[in-house]
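So the structure is just underneath, and the comments pick up after that.
Only this structure's heavy atoms are used, side chains among them; waters, hydrogens and symmetry mates stay out. In this text, all values refer to a predicted model and were calculated from it rather than measured experimentally. Residues take their numbers from the sequence shown, with the count starting at 1.
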Amino acid sequence: MGVLRGLAPHLAGKVLVDVANAVETDAQGFAPASLHPGGSLAEEIQRALPAVRVVKTLNTMHASVMAAPRTLATPPSAFLSGDDAGARRTVAALLADLGRPPEWIVDLGDVRTARAPEAFLLLVGSLVRAWGPVPFAMSVAR
């Protein structure tokens, strides 16, 4: 967070898209535990940079799916979490520009809601062991 705090004056008022997951890894490089139990990385970033408009998204999918969402057989859900509704709308528009129709984008609300999508990474190691190293993403059917 120290590096981010140093950038705070330059980032004030800007939208910061957080696509990361903060986890501890096991010997195989998979996540057995979150580094922010009872919270989230997005919340930590927002606390460190209170003048920045933090939006958590795209952290429930492989990097290749972030940029090319139509490569999977099932549409991947892109979740939005952030305290600034305008910033969430801005990020939703960016996701639309990347090929996501509105029904693939789920606005969860404030930054505390980032806890659930960040917890998805706890399943990733088991999925890779089951399927191998193939691109995948979380999708919510309704």
Quick check: do P101 and R70 have side-chain heavy atoms less than 4.5 Å from each other? yes

Report yes if the side chains of S139 and L72 come closer than 4.5 Å at any heavy-atom pair, otherwise no. no

Considering only heavy atoms from C-beta outward, does the side chain of V128 approach that of F136 to under 4.5 Å? yes

Give the minimum heavy-atom separation between M66 and L98, together with the two atoms involved. O-CD1, 4.0 Å

Hydrophobic clustering (ILVMFWY, side-chain heavy atoms < 4.5 Å, transitive) - are L123 and V134 grouped together? yes

For G99 against W104, the heavy-atom pair lying closest together: O-CZ3, 4.1 Å

Is R47 salt-bridged to E44, going by a charged N under 4.0 Å from an acidic O? yes

Distance in Å, M138 CE paired with L121 CG, rounded so as to fall on 0.5 Å steps: 10.0 Å

Taking the side chain as every heavy atom from C-beta outward, state whether V140 and V106 have any atom pair closer than 4.5 Å. no

Provide the closest heavy-atom pair for T113 versus P117 in the form atom of the first, atom of the second, distance. O-CD, 3.1 Å

Are side-chain heavy atoms of V55 and T90 found at a separation under 4.5 Å? no

Are V19 and F79 linked, directly or through intermediate hydrophobic residues, by side-chain heavy-atom contacts shorter than 4.5 Å (ILVMFWY only)? no

Might you point out which heavy atoms bring R88 and S81 nearest each other, and give the distance in Å? CD-C, 4.2 Å

Check whether any side-chain heavy atom of V15 lies under 4.5 Å from a side-chain heavy atom of V91, and answer yes or no. yes

Per side chain to side chain contact (heavy atoms under 4.5 Å, CB included), E43 is matched among D83, V111, D110 by V111

Once rounded to the nearest 0.5 Å, what's the spacing between atom CE of M61 and atom CZ of F120? 9.0 Å

Can you tell if the side chain of H62 reaches within under 4.5 Å of the side chain of T71, non-hydrogen atoms only? no

Atom CG in L41, atom CG in D18: separation rounded to 0.5 Å? 5.0 Å

Mind checking the NZ-CG spacing from K56 to L80? Nearest 0.5 Å is all I need. 12.0 Å

So, taking the atom named NZ in K14 and the one named CG in L49, what distance separates them when rounded to the nearest 0.5 Å? 13.0 Å

CG on D97 to CG on L95, rounded to 0.5 Å: 9.0 Å

